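Whatever order the structure lists ligands and atoms in, that order sets their numbers, starting from 1. As the structure is a computational prediction, the values presented were derived from the model and not from experiment.
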Amino acid sequence: MTSTRLSLRSPLDLVPVLPVVVLEDATAAVPLARTLVSCGLTAIEVTLRTPAALEAVRAIAAEVPDAVVGAGTVLTTAQADAAVAAGARFLVSPGSTDLLVAAMRDTGVPFLPGVATASEAVTLLEQGITDMKFFPAQAAGGAAYLRALASPLPQVRFCPTGGITAANAPSYLSLPNVACVGGSWMLPAAAVQAGDWTTVAALARDAASLGHHAPENG
Ligand code: 3PG
């Protein structure tokens, strides 16, 4: 575990599909994480949008050693610090400010700040950051938009998130500047609330099988 922690450079290097989890009940965290890991989805982003989130991160970090758990929806310095203290191995934010980037960097774990425009991406490049979340992916222009950024910004790797589905994920994963996609499509709220891990497992297996597609030309 320690060696994986030391060698994790970026969440983008882990798996092509990053499940984005919103948990109302921390007791669901461990069975949920075990289900995802058993289906091949070993990196898990728990969003800090619910009171249960930090406890969920703590439980997964402690009890599911094969999972690489991170925290999403990180908006403040305090959240970044609390998430890493709870065991988060990476941090994800929907946006990026100088303050937030500094806070995430100071934690020492890899992080993905969010961007939706070329200017935002260039601002992060100026700070030496090349791995970014593209959010909200579908609403901000989708795969066509990201494809258009690849030529002027070839050094940037994106994790598009927001509106990704099993149907549109392949169009993102085929792009040269996409390392993975994030999303909650394999975690329907009703199934998670009901503890219906069979339904989650079927969707998670499909998601894990998306894998990488050959990069498109151009
Ligand atoms: C995120 O936090 O990245 C998104 O809210 C996940 O988006 P989705 O629920 O549309 O997959």
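Two residues are said to be in side-chain contact when any heavy atoms from C-beta on lie closer than 4.5 Å; T73 and Q79 fail this criterion. With a 4.5 Å cut-off on side-chain heavy atoms, V46 and I60 count as touching. Taking the side chain as every heavy atom from C-beta outward, L100 and T76 never approach each other to under 4.5 Å. R157 has its side chain within reach of S10: a pair of non-hydrogen atoms, C-beta onward, lies under 4.5 Å apart.
Only one option out of L36, L32, V30 pairs with R34 in a side-chain contact (heavy atoms from CB on, under 4.5 Å); it is V30.
Take E120 and apply the side chain to side chain contact (heavy atoms under 4.5 Å, CB included) test, not counting sequence neighbours, and it matches V115, A116, T117.
Interface atoms of ligand 1 facing V20, defined by a heavy-atom separation under 4.0 Å, are 1 (C), 2 (O). The K133 neighbourhood of ligand 1 comprises atoms 1 (C), 2 (O), 3 (O), with distances under 4.0 Å to a heavy atom of that residue. Close approach to G183 involves these atoms of ligand 1, each under 4.0 Å from a residue heavy atom: 11 (O). Within the listing of ligand 1, atoms 7 (O), 10 (O) sit less than 4.0 angstrom from a heavy atom of G162.
Distance from atom 5 (O) of ligand 1 to its nearest protein heavy atom, with residue and atom name: R49 NH2, 3.2 Å. Given atom 10 (O) of ligand 1, the protein heavy atom at minimum distance is G163 N, 2.8 Å. The protein non-hydrogen atom at the shortest distance from atom 8 (P) of ligand 1 is S184 OG, 3.5 Å. Considering only non-hydrogen protein atoms, atom 6 (C) of ligand 1 sits nearest to T161 CG2, 3.7 Å.
The closest approach between any non-hydrogen atom of M186 and ligand 1 is not below 4.0 Å.
The aromatic rings of F158 and F134 stand perpendicular to each other, their planes meeting at an angle above 60°, with 30° marking the opposite boundary.
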